S.K.: 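Can you read through this structure? Questions will come right after.
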Amino acid sequence: MSKETIASVIEAEGEELRKLAGRIDCDTVQKLINWIVGHPQKNLFFTGCGTSGTAAQKIVHTLRVVNQPAFYINPSDAVHGSIGVVGEGDMVVFVSKGGGTKELVAFLENVRAKNAYVVAVTENAGSTIAKAADLTLLVRIDCEPDDFNMLATASTLAVISVFDAVAIHVARATGFSKKDFLENHPSGAVGERLLAEVR
């Protein structure tokens, strides 16, 4: 494999993110940010299958770092009782590229019955999950960089990128400080740098 081949994949993914920055519905993203900031006593739950599930877990981690109570719901556990953790007024974000993932659809109505605020993160506005959601955030790319245009790579980065923006704006809106950062992240190179800067 040549350096050019490796670079082409990275460049293709970067190009998809660049196009996403121009097409993302910022009003919808702002509504999501406003909800999080405006409901500090409520929990945020994310769920997804496969690569979308991995993206959801990364998003949860980032939000926790900036002091937001975020949690991942495993879809296979959800239908065996774990959605009992969801309370009225909590937010549940369903991450599904196609919006019809059967493992997620299986407990979608149960979440709605709890009067939770349902968010769909998908490419498909006409999908089952999008139609059932209180808020739909469309995150769409034109092409995955693999030979079959199927491997969830650029699309996964796109979802994570949008929620990186959400986390950063929530941190700014809530006055998240370097001292807060240090309390949450005391270890590693980040912790060492924060310790030196805070003290």
Side-chain angles (χ1 to χ4, degrees), residues 20 24-140 152 155-171 173-174 176 184:
L20 176 66
I24 193 72
D25 186 342
C26 292
D27 288 339
T28 300
V29 177
Q30 189 63 56
K31 287 178 182 178
L32 183 59
I33 293 168
N34 291 346
W35 191 99
I36 295 171
V37 174
H39 296 79
Q41 304 305 317
K42 296 300 180 180
N43 292 316
L44 289 139
F45 296 96
F46 288 78
T47 188
C49 288
T51 310
S52 291
T54 301
Q57 291 177 70
K58 191 278 177 188
I59 294 165
V60 163
H61 174 77
T62 302
L63 287 167
R64 285 177 175 177
V65 171
V66 297
N67 273 350
Q68 295 306 307
F71 308 91
Y72 175 70
I73 297 177
N74 185 305
S76 63
D77 293 334
V79 292
H80 291 278
S82 69
I83 56 172
V85 72
V86 178
E88 183 175 356
D90 287 340
M91 176 186 281
V92 182
V93 181
F94 289 76
V95 184
S96 173
K97 184 175 181 179
T101 308
K102 63 180 181 180
E103 292 90 345
L104 302 182
V105 172
F107 65 95
L108 177 59
E109 288 308 312
N110 301 79
V111 170
R112 291 195 56 80
K114 289 175 171 286
N115 293 318
Y117 188 75
V118 175
V119 177
V121 179
T122 181
E123 289 188 350
N124 186 359
S127 64
T128 300
I129 294 173
K131 288 180 178 179
D134 297 296
L135 183 71
T136 297
L137 177 57
L138 296 177
V139 181
R140 180 179 61 81
S155 57
T156 305
L157 287 175
V159 170
I160 290 173
S161 180
V162 170
F163 278 91
D164 284 345
V166 169
I168 289 169
H169 281 77
V170 167
T174 56
F176 183 73
N184 294 347

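Since we're looking at a predicted model, the values are computed, not measured.
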S.K.: Work out which heavy atom in Pro75 is nearest to a heavy atom in Cys49; give both atom names and the distance.
M.R.: CG-SG, 3.7 Å
S.K.: Indicate whether the side chain of Lys58 and that of Thr62 have a donor and an acceptor atom separated by less than 3.5 Å.
M.R.: yes
S.K.: What pairs with Leu135 under side chain to side chain contact (heavy atoms under 4.5 Å, CB included), at least two apart in sequence or on another chain?
M.R.: Thr28, Lys31, Leu32, Tyr117, Val119
S.K.: Would you sort out whether Gln68 and Thr174 count as a side-chain contact (heavy atoms from CB on, under 4.5 Å), showing the intermediate values?
M.R.: CA-CA 10 Å; Gln68 295 306 307; Thr174 56; 4.1 Å; yes
S.K.: Could I get the full list of salt bridge (charged side-chain N to carboxylate O under 4.0 Å, His left out) partners for Arg64, not counting sequence neighbours?
M.R.: none
S.K.: Which residue pairs satisfy the salt bridge (Lys or Arg N to Asp or Glu O under 4.0 Å) criterion with at least one member in residues 82-99, sequence neighbours excluded?
M.R.: Lys97-Glu144
S.K.: Carefully, step by step, assess Val159 and Ile59 under the rule side-chain contact (heavy atoms from CB on, under 4.5 Å).
M.R.: CA-CA 9 Å; Val159 170; Ile59 294 165; 4.0 Å; yes
S.K.: Tell me the ring-ring contact (aromatic ring centres under 6.0 Å, His included) pairs involving residues 64-87, sequence neighbours left out?
M.R.: Phe45-Phe71
S.K.: Can you tell me how far CD of Glu103 sits from OG of Ser52, rounded to the nearest 0.5 angstrom?
M.R.: 11.0 Å
S.K.: I need the minimum non-hydrogen distance between Glu109 and Ala132, along with the two atoms involved.
M.R.: OE2-CB, 4.3 Å
S.K.: Not counting sequence neighbours, list each pair that qualifies as a side-chain hydrogen bond (donor to acceptor under 3.5 Å, both in side chains) and has a residue in residues 118-136.
M.R.: none
S.K.: Take Phe107 and Val86 through the side-chain contact (heavy atoms from CB on, under 4.5 Å) test and state the conclusion after the steps.
M.R.: CA-CA 12 Å; Phe107 65 95; Val86 178; over 6 Å; no
S.K.: With sequence neighbours excluded, what pairs up with His39 under the ring-ring contact (aromatic ring centres under 6.0 Å, His included) test?
M.R.: Trp35
S.K.: Quick one: CG on Leu104 to OG on Ser96, what's the gap to the nearest 0.5 Å?
M.R.: 5.5 Å
